[in-house]
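Okay, so here's the structure we're looking at.
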Protein chains: 2
Amino acid sequence: MRRMGIKQYEDHDRLMVAVDCIIFGFDGKELKALLIKRGFEPEQGKWSLMGGFVKKQENVDAAAVRILKQLTGLASIYMEQLYCFGDTKRDPGARVVSVAYFALIRIDNYNAALFEKHHAKWFPIAKIPALIFDHKSMLLLAKERLRQKASYLPVGFELLPDKFTMQQLLALYEAIYERELDKRNFTKKILSTGILQKLNEKDKLTSKKGAFYFVFDKEKYDRISHEGVGFM
Amino acid sequence: MRRMGIKQYEDHDRLMVAVDCIIFGFDGKELKALLIKRGFEPEQGKWSLMGGFVKKQENVDAAAVRILKQLTGLASIYMEQLYCFGDTKRDPGARVVSVAYFALIRIDNYNAALFEKHHAKWFPIAKIPALIFDHKSMLLLAKERLRQKASYLPVGFELLPDKFTMQQLLALYEAIYERELDKRNFTKKILSTGILQKLNEKDKLTSKKGAFYFVFDKEKYDRISHEGVGFM
DNA sequence: GCAAAAGTGTTTTGTCTACACCCATGA
DNA sequence: TCATGGGTGTAGACAAAACACTTTTGC
């Protein structure tokens with residue numbers, strides 16, 4: 001039975017399958033995407049998303065994790081599949097089907113050596129340079145998805161440092177939505193979900209009075225990750 | 001440059017890429033999914049989603065359209081990509097990456113000969129039999145996505161006949177959400193979007209009084225398809 | 001005239017938005 | 001003492017939810 005199956009399948013075309021990663025980070029002011037300067041042809045020297053090919057004995061998800069690790073050195077990153085881009089002409093070099101993933105990382109968690117190696121650089125999402133192939137559409141779609149995701153999930157957990165001020169969280173949401181938000185309404189809504197814990201410690205870097213730090217309540221956060229809570 | 005690119009790429013593994021279609025229909029009472037009895041090994045005789053392989057010179061989207069046409073005979077069907085399933089072990093017969101698509105069709109638009117040929121059958125979504133491989137997860141994910149989609153888009157246009165009664169539209173939404181909805185509130189909301197036009201014609205099949213038929217205002221519907229309108 | 005489905009409004013509740021002032025502190 | 005960012009509450013608008021009776025007509 002197994003053998004017959006294999007025989008049956010051998011008749012079909014095989015394609016190269018790639019993974020491309022849209023990596024978002026937040027520096028406290030701007031939402032940024034991590035791009036690399038492509039080191040090989042075609043389009044050598046152009047800006048591109050970090051990508052790579054799926055191996056025969058490798059899950060597609062695993063390939064995404066591997067590729068992300070190549071660039072960041074980080075193994076456990078928030079990541080989700082975005083979309084499969086499958087046009088025959090999308091890559092002029094060869095027929096390559098690409099599965100795009102988007103990842104959220106803490107922007108200071110970077111490995112300078114790896115960044116150097118791949119000529120990686122953070123770009124504010126409002127100032128993305130020309131990208132190869134269909135990478136610009138991937139990035140735009142990822143931006144949409146992040147927005148949608150942020151509306152029912154407090155993505156701050158993935159993008160902010162362990163402890164952060166309410167202003168930082170607000171700034172993150174303003175960056176994601178590219179508009180100003182009302183400080184009081186935002187605070188109210190996010191606190192009402194109960195996923196934040198206020199610490200007895202203040203960040204005195206940006207003001208004389210100092211702003212309280214918050215941390216995410218990991219347990220509640222995980223619960224919400226499954227069910228979701230609309231708060232935007 | 002082109003040549004170098006090709007050379008570069010030749011080193012990577014090639015995989016078979018399949019497309020599987022989750023096809024939803026609505027018979028006036030129940031939401032149903034179209035399944036086929038698999039005609040070849042492995043898992044011959046088991047129920048399965050309609051699927052096929054992507055050809056080397058074919059867009060992945062085009063493959064989905066082709067495969068859907070094979071089964072239904074219909075060329076212009078509402079369809080969207082759902083997710084790419086890429087585990088190495090998902091298909092025991094071979095390494096196959098599958099891109100799942102979900103489609104909405106009018107249940108009476110069927111071609112008996114083609115259905116016969118593929119041993120196709122409609123199953124109520126509450127009574128889906130065991131399916132091969134990971135097709136059950138595909139179907140569950142599609143159900144989720146349909147629900148989400150229906151919340152900001154009047155999917156009725158794709159699933160109902162050209163003219164339909166308010167009760168039919170309500171029944172569709174009750175089937176999608178698997179719960180009862182308030183008739184008055186539903187009517188109010190859907191009418192307030194302005195995408196329905198009331199005809200001067202009644203369906204007298206289900207009651208003595210008769211229920212007015214409605215049609216979708218195609219233009220407004222298309223506008224809403226882009227922007228979306230929350231009405232659930 | 002009665003059974004069976006169609007059609008229709010109002011009240012209440014909760015949520016979202018807009019909006020401005022005092023507080024604490026370091027310099 | 002003053003300049004700077006931090007922190008907080010309320011009123012009005014709007015949307016959502018709950019809820020029941022009258023209408024039509026074929027039998």
Side-chain angles (χ1 to χ4, degrees), chain A residues 28-29 147-148 150-152 154 156 160-161 163-175 177-215 224 227-232, chain B residues 28-29 147-148 150-152 154 156 160 163-215 224 227-232:
Chain A
K29 292 202 167 162
R147 242 176 239 198
Q148 197 191 312
S151 73
Y152 63 92
L160 292 174
K163 56 187 188 188
F164 50 86
T165 64
M166 189 58 78
Q167 325 306 316
Q168 282 176 284
L169 189 56
L170 174 65
L172 170 60
Y173 269 80
E174 290 185 328
Y177 286 98
E178 288 173 301
R179 66 185 169 96
E180 290 201 345
L181 298 173
D182 185 275
K183 185 169 57 157
R184 282 167 294 189
N185 293 337
F186 180 81
T187 307
K188 227 182 302 171
K189 272 187 281 185
I190 197 89
L191 287 178
S192 78
T193 64
I195 52 165
L196 292 187
Q197 273 176 254
K198 192 183 207 167
L199 299 185
N200 254 335
E201 193 189 345
K202 282 187 163 185
D203 166 21
K204 313 262 293 191
L205 298 172
T206 53
S207 82
K208 290 158 188 170
K209 183 177 178 183
F212 282 105
Y213 279 119
F214 290 84
V215 291
I224 284 175
E227 300 152 34
V229 172
F231 64 94
M232 283 291 290
Chain B
K29 292 201 167 163
R147 242 175 240 198
Q148 199 191 310
S151 73
Y152 62 91
L160 292 173
K163 57 186 187 187
F164 51 86
T165 65
M166 189 58 79
Q167 325 306 316
Q168 283 176 283
L169 188 56
L170 175 64
L172 170 60
Y173 269 80
E174 289 185 328
I176 290 174
Y177 286 99
E178 289 174 298
R179 66 186 170 94
E180 291 198 346
L181 297 173
D182 184 274
K183 185 170 53 156
R184 284 166 292 187
N185 292 336
F186 180 82
T187 307
K188 226 181 304 170
K189 271 187 282 185
I190 198 88
L191 287 178
S192 78
T193 64
I195 52 165
L196 293 187
Q197 271 176 253
K198 193 183 206 166
L199 299 185
N200 254 336
E201 192 188 348
K202 281 187 165 186
D203 167 21
K204 313 262 296 189
L205 299 171
T206 53
S207 82
K208 292 157 187 171
K209 183 177 178 183
F212 281 105
Y213 279 119
F214 289 84
V215 292
I224 283 176
E227 300 152 33
V229 173
F231 64 93
M232 283 291 289

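Every chain is numbered from 1, with letters handed out A, B, ... down the list of sequences.
- Using a 4.5 Å heavy-atom cutoff, the side chains of K183(A) and M166(A) are not in contact.
- Looking at heavy-atom distances under 4.0 Å, K198(B) makes contact with sugar-phosphate atoms alone, never a base.
- Taking the side chain of R184(B) as heavy atoms from C-beta on, and the options dG9(D), dC19(D), dC23(C), the nearest nucleotide is dC19(D).
- Atoms CG (L170(B)) and P (dG7(C)) sit 12 Å apart, rounded to a whole Å.
- Between the C1' atom of dA6(C) and the CZ atom of F214(B) lies a distance of 11 Å, rounded to the nearest Å.
- At least one side-chain heavy atom of Y177(A) sits under 4.5 Å from a side-chain heavy atom of M232(A).
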What donor-acceptor contacts under 3.5 angstrom involve side-chain atoms of residues 190-198 of chain B, with partners at least two apart or in another chain?
unit_1: S192(B); atom_1: OG; unit_2: K189(B); atom_2: O; d: 2.7
unit_1: T193(B); atom_1: OG1; unit_2: I190(B); atom_2: O; d: 2.6
unit_1: T193(B); atom_1: OG1; unit_2: I195(B); atom_2: N; d: 3.4

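- Other residues, nucleotides and ligands contribute at most 12 non-hydrogen atoms within 6.0 Å of the NZ atom of K29(B).
- Atom pair N185(B):CG and dC14(D):C1' shows a separation of 15 Å (rounding to whole Å applied).
- For dG6(D), one of the phosphate oxygens OP1 or OP2 lies less than 4.0 angstrom from a side-chain nitrogen or oxygen of Q167(A).
- Comparing K209(B) and G210(A) against DNA chain D, the residue whose closest nucleotide sits nearer the 5' end is G210(A).
- Remark: P of dT24(D) and CZ of F212(B) are 10 Å apart, rounded to the nearest angstrom.
- If you measure from atom CG of L181(B) to atom C1' of dC19(D), you get 16 Å, rounded to the nearest angstrom.
- Out of dA6(C), dT25(D), dG5(D), the shortest distance to the side chain of S207(A) is found at dG5(D).
- The nearest whole Å value for the distance from the OH atom in Y213(A) to the P atom in dG6(D) is 12 Å.
- Counting heavy atoms from C-beta outward, T165(B) and Y213(B) have side chains that approach closer than 4.5 Å.
- Within 4.0 Å of K183(B), counting heavy atoms only, lies at least one base atom of the nucleic acid.
- Here dG6(D) presents its C1' atom at 13 Å from CD of Q168(A), a figure rounded to the nearest Å.
- You won't find any donor-acceptor pair under 3.5 Å spanning the side chain of K188(A) and the base of dT15(C), going by distance alone.
- Residue-to-nucleotide contacts include no donor-acceptor pair under 3.5 Å from the side chain of K208(A) to the base of dT4(D).
- Rounding to whole angstrom units, CG of residue D182(B) and P of dT10(C) are separated by 16 Å.
- In terms of phosphate contacts, K204(B) brings no side-chain nitrogen or oxygen within less than 4.0 Å of OP1 or OP2 of dT24(D).
- Comparing G230(A) and M166(B) by the nucleotide of DNA chain C whose heavy atom lies nearest to each, the residue mapping closer to the 5' end is M166(B).
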